[in-house]
There are 2 protein chains.
Amino acid sequence: MNKAKPVERELSSKKTALILEGAMQEFLEHGYAGARIDRIVEAAGVSKATVYRHFPDKEALFTALIQQMSCRKNIFEFQSQQSFEESPSVFLKRYASAMLENVAEDPQILTFLRIIIGESGRFPELARAFVVNLEKVSLDFLTQYLTKHPQLQIADPEVTARAFIGTLIHFVMIRDVLQSGDLVPIERDRLLDGLIDLIVR
Amino acid sequence: MNKAKPVERELSSKKTALILEGAMQEFLEHGYAGARIDRIVEAAGVSKATVYRHFPDKEALFTALIQQMSCRKNIFEFQSQQSFEESPSVFLKRYASAMLENVAEDPQILTFLRIIIGESGRFPELARAFVVNLEKVSLDFLTQYLTKHPQLQIADPEVTARAFIGTLIHFVMIRDVLQSGDLVPIERDRLLDGLIDLIVR
DNA sequence: GTCTATACCAAGATAGAC
DNA sequence: GTCTATCTTGGTATAGAC
């Protein structure tokens, strides 16, 4: 009557975490089709059969992993420290800088972007989760910020938020994801300050 | 003394073209690791041995194909019809519309973008060829256009060109590549006109 | 629930006839 | 130069012992 049932549950989820951790490096590095269960098994330190006891197949493991990552690898993560004296141009500079620092601090964000986009044809639901969890949140946040500062005289905050985020993402794409910053060089601060000038004037 | 040697050469390159054509659908649809030589062979209507007589291995076939496509699938293709009466805002609208129409007319551009980005970690040279042939060309073109119209009072044409292209690419990424336009909806013309207002004022 | 060992199949690449 | 047939490897997934 006093059997320790919950303990088994916990062991099980510990293995699940190990598997997902091992799967992360493998899928991020090799993509979906290029990923090898053998390497995931090795990295996780479990047996192959254990993987298939926790996940029905390779595809389920992949989608579970990416959905989990969509909540953790947030390129737009930002401490909105509500310093009210802060001028909009300073705020926008901080916001953009935070995003670029997130990318610099965690290069896994780059491989995450590569796989989301690369597999978006075969796994559209994962792409859509990415857009809802990351893109939409930051677009809405920026739109609201611009709307709440009418002194900026922003004609269409939604469009302006798009231009701001779009320019930043495009910059990261060229420089970091495609590793071609040297081919179309531009200084970080020149782009950021010029972009903010375009918006705040 | 009158042997028809050139004929063989031509047959050979005909096969090469067939193989590349078959490889295109296969690589674009399934990515590098997911592509199957068997399916390329079937689509091209040649034997597997013929493929390996023309290309050393799968990787060489892939890089040859993508390099060829970087010259043909130009998302920024645009008839610069030099109508001098055309105002900058009309010109910019035409330029942006042309890009969006290129995407709409040839959905292979989308799968091409997916594979370039998705494989940019393993094939950085292909990503760099893409940036040089497509991104850089259009960035330079737009920068020059903005510079040649000083009445626009563009503070930093290079940055403005980045913002313009970046906003467009980002829009295409969300809507078409990631198939998530409905999640962060915005009307095409509202974005384009708003973006141009941001630049030309 | 987890492991070892294995079934089963499909992939990339090649040998040898023509 | 091109084909058919085949080799070899390595993949996903599972069976059966513990």
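Keep in mind the model is a prediction, meaning the values are calculated, not measured. Letters go in sequence order (proteins before strands), and every chain restarts at 1.
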**A:D182 and B:R128: CA distance, side-chain angles, deciding distance, side chain to side chain contact (heavy atoms under 4.5 Å, CB included) verdict** = CA-CA 10 Å; A:D182 56 319; B:R128 292 171 65 78; 2.8 Å; yes
**Asked** Should A:E119 and A:R122 count as an ion pair when the cut-off is N to O under 4.0 Å?
**Response** yes
**Request:** Taking all heavy atoms of A:V177 and all of B:S120, pick out the closest pair and write down the distance.
**Result:** O-OG, 3.3 Å
**Message:** Show the nearest heavy-atom pair for residues A:V41 and A:V46, with the distance to one decimal.
**Reply:** CG1-O, 2.8 Å
**Asked** What does the inter-axis angle of the helix from C:dG1-D:dC18 to C:dC18-D:dG1 come out as, five pairs per end, nearest 10 degrees?
**Response** 10°
**Prompt:** How far apart are the closest heavy atoms of B:R190 and A:V159, and which atoms are they?
**Reply:** O-CG2, 3.6 Å
**Message:** One character per nucleotide, please: for nucleotides 3-18 of chain C, 5' to 3', B when the base has a protein heavy atom closer than 4.0 Å, S when only the sugar-phosphate does, - otherwise.
**Reply:** BB------SBBBB---
**Message:** Taking the basic N atoms (NZ, or NE/NH1/NH2) and the acidic carboxylate oxygens, is any pair closer than 4.0 Å for A:D197 and A:R201?
**Reply:** no
**Message:** Below the 4.0 Å mark, does C:dT2 have OP1 or OP2 next to a side-chain nitrogen or oxygen of A:H54?
**Reply:** yes
**Complete:** B:R114 and A:I117 have their tightest heavy-atom pair at CG-O, 3.4 Å
**Item:** Atom-to-atom span, CD of B:E42 to P of D:dT4 - whole angstrom
**Value:** 13 Å
**Complete:** Here the pair of heavy atoms bringing A:S70 nearest to A:N133 is CB-ND2, 3.8 Å
